[in-house]
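Below is one structure, written out as structure tokens; comments come after it.
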Amino acid sequence: MKRVNTFEVVPQTENDEECLRRLLDASASLWNELTYARRQNYFGDGDVWDTSEYRGQYNGVVGSATVQQVTRKNSEAWRSFFALKENGEDANPPSYWGNGEDGRELRTYIRNDQYTIQWGKRSRLEIPVGQELKDEYGLGYHERLRLEVRGNPNWDGEQGRLELEYDEVSDTFRAFQPVTVPDSRLDSPLASHEAALDVGANNLVACSTTTGNQYLYDGRELFGRFRETTNEIARLQSNLHEDRSSSKRIRRLYRQRTKRRDHAQNALVRDLVEQLYDEGVATVYVGDLTDVLETHWSVRVNEKTHNFWAFKKFIHRLACVCEEYGISVEAESEAWTSQTCPECDDHEETVRHGDTLTCSCGFEGHVDLTASETFLRENSDTEVRPMARPVRFEWDDHDWSGQPHPHESPKEVRTNPQVASVGR
């Protein structure tokens, strides 16, 4: 089982920071040269895999081992591109890490046997640099660049290739350390309960469990900020000169938008799965959107779910976190679940207005929570208990929480009982 430790890297002196920046910038330059040559060969029917002329150009700055790792990572990106093309999927060749004029994306990869991390009161990371940088920044022949580490490892195991990057949005250097963890580290469910998720546009996730609990993660504010950034990107693009397609500011906004979404998504998955584990959930059903998109999902909802919420990425993250807790994830068709009345099973006489689903038989309930409950009942062989009052979570840029209500946890905000499931 592979997992990733993420932590902050802090140079202790201006000299160390400048040396680190030079290392990352040279790695980005190498990536761009490799990408340019391979794109030229690809579109010109040349040999995409011939990179011999770049092997020795950056050794003095980043070191031969790092040149090897950046080249290998670039090759992996191209192999993924060709694999997608062979499967008939729409894909573009690997792109550049910025450019010299507007600024490169500072990033590099360090081979697993070329770096060391020591954890403790003064945690530190040591990485190799090329001899030219050693001479310029006063490092000894056998000395490596030593950097402070802030954070704690979540996983112990065999370390993999280290990724280092600079996040210009937060002005922070970060490291991502893959580790291989023995399967014996996997947790086991506390019971055999089940849960079903309805992944939506305004409400990102609605969850129902066979224990009778329901959770709702509101994404309106998060999507609003995503849309504001998108509009600002469009405005900046409209002001570009005709000979330019992007700018440093635009690329920064794209990265900011993606990082903000990924942070919220990762936090949501972790928060939800920990709650499900505590309830004894062993199986999570999630919708296979193929049928749903073909039947009744609107273009706007599709755009929100895939462009904003990145459904495939969400499912991958969900599967990874569930694996830690021994919870299985099963994809099933959820077609019509958001339009089916749980009282009379009709989907033609139901009406959806905002977050409310009503039926001519008299049923009224929250549309996404009702969908997740219907989805659960369709797939579970376990008895589903009557649903308690749902819990609504809101994003505050750091956690999925809300304003405290009397006699309730600050993290939990109850949904309006007027639109919660009734008639149970």
Side-chain angles (χ1 to χ4, degrees), residues 1-10 20 23-24 27-28 31 65-66 68-70 72-77 79-80 94 97 105-120 123-128 147-170 172-187 255-274 276-277 284 309-329 398-400:
M1 178 178 68
K2 290 188 179 296
R3 288 295 177 263
V4 177
N5 290 321
T6 303
F7 47 89
E8 185 178 345
V9 175
V10 185
L20 178 59
L23 173 69
L24 301 183
S27 298
W31 175 279
T66 301
Q68 177 199 60
Q69 293 305 300
V70 173
R72 182 172 295 176
K73 184 67 176 180
N74 191 272
S75 298
E76 292 171 3
R79 281 195 291 270
S80 296
W97 292 353
E105 298 174 25
L106 304 184
R107 190 183 310 163
T108 196
Y109 296 91
I110 310 295
R111 201 168 68 196
N112 65 329
D113 61 349
Q114 293 292 305
Y115 71 90
T116 57
I117 303 179
Q118 294 184 6
W119 301 99
S123 300
R124 67 173 185 247
L125 166 69
E126 293 185 358
I127 60 174
L147 306 161
E148 180 184 339
V149 170
R150 294 179 183 174
N152 295 306
N154 292 323
W155 301 97
D156 295 323
E158 181 182 352
Q159 69 181 29
R161 177 176 57 199
L162 185 75
E163 178 181 355
L164 274 172
E165 70 169 28
Y166 172 67
D167 180 3
E168 62 181 347
V169 176
S170 60
T172 303
F173 293 96
R174 287 196 176 88
F176 304 91
Q177 181 200 33
V179 293
T180 301
V181 181
D183 289 342
S184 59
R185 288 284 307 277
L186 290 174
D187 214 328
R255 291 194 294 271
Q256 184 181 54
R257 188 182 70 173
T258 300
K259 288 180 181 295
R260 185 186 297 132
R261 179 204 62 200
D262 291 350
H263 178 39
Q265 188 177 94
N266 292 340
L268 188 157
V269 171
R270 179 68 59 178
D271 184 84
L272 174 62
V273 173
E274 287 180 353
L276 297 181
Y277 174 78
V284 173
W309 194 231
F311 177 78
K312 288 184 179 179
K313 191 170 187 177
F314 169 76
I315 296 302
H316 176 72
R317 179 61 178 164
L318 176 70
C320 288
V321 177
C322 282
E323 184 184 21
E324 296 176 19
Y325 292 86
I327 300 174
S328 65
V329 177
H398 299 286
D399 297 296
W400 285 94

Response to the item:
Taken to the nearest 0.5 Å, the spacing of R124 CZ from E148 CD works out to 11.5 Å
Discussion item. What's the separation between atom CZ in F173 and atom CG in L147, rounded to the nearest 0.5 Å?
Written reply: 8.5 Å
Worksheet item: How many angstroms lie between atom OH of Y277 and atom CG of L272, to the nearest 0.5 angstrom?
Response: 15.0 Å
Fill in: Any D271 side-chain heavy atom under 4.5 Å of D399 side chain
no
Response to the item:
Which of K2, Q159, E158 passes side chain to side chain donor-acceptor pair (under 3.5 Å) with T180? It is K2
Fill in: Closest non-hydrogen atom pair, V9 against A175
CG2-CB, 3.7 Å
Worksheet entry | Test item: W119 and V149 side chains (from C-beta on) under 4.5 Å apart, heavy atoms | yes
Worksheet item: Which atom names give the shortest non-hydrogen contact between S27 and V70, and what distance separates them?
Response: O-CG1, 3.9 Å
Worksheet entry | Nearest heavy atoms of C322 and V273, plus distance in Å | SG-CG2, 3.9 Å
Response to the item:
Rounding to 0.5 Å, atoms CG (L164) and CZ (R174) come to a distance of 12.0 Å
Fill in: Note, Y109 side chain near R72 side chain (heavy atom, < 4.5 Å)
no
Worksheet entry | Closest non-hydrogen atom pair between L318 and V269, with its separation | CA-CG1, 3.7 Å
Discussion item. Please give me the minimum heavy-atom distance between A319 and V329, naming the atom from each residue.
Written reply: CA-CG2, 4.1 Å
Discussion item. I want to check something: taking the side chain as every heavy atom from C-beta on, are L23 and I127 in contact at a cut-off of under 4.5 Å?
Written reply: yes
Worksheet item: Side chains of Y325 and E274: closer than 4.5 Å at any heavy-atom pair?
Response: yes
Discussion item. Counting C-beta onward and ignoring hydrogens, is there a side-chain heavy-atom pair between E165 and W97 closer than 4.5 Å?
Written reply: no
Discussion item. Out of the candidates I110, N5, N112, only one should pair with L162 under the side-chain contact (heavy atoms from CB on, under 4.5 Å) rule; please name it.
Written reply: I110
Worksheet item: Once you round to the nearest 0.5 Å, how far does OG of S123 lie from CZ of R150?
Response: 11.0 Å
Practice prompt. Given salt bridge (charged side-chain N to carboxylate O under 4.0 Å, His left out), test E163 with K73 step by step and report yes or no.
Written response: CA-CA 10 Å; E163 178 181 355; K73 184 67 176 180; 5.8 Å; no
Worksheet entry | Ion pair K313/D262, N-O distance below 4.0 Å | yes
Item to complete: Examine the side chains of Q265 and R317 and answer whether a donor and an acceptor come within less than 3.5 Å of each other.
Response: no
Practice prompt. Kindly compute the distance separating CZ (F7) from CG (L125), expressed to the nearest 0.5 Å.
Written response: 5.5 Å
Item to complete: Considering non-hydrogen atoms only, spot the tightest contact between W155 and V181 and give its length.
Response: CE3-CG2, 3.8 Å
Discussion item. Could you tell me if the side chain of Q69 sits less than 4.5 Å from the side chain of Q114, heavy atoms only?
Written reply: no
Item to complete: Taking ring pair (Phe, Tyr, Trp, His ring centres under 6.0 Å) as the test, write out the residues that go with H263, two or more places apart.
Response: W395
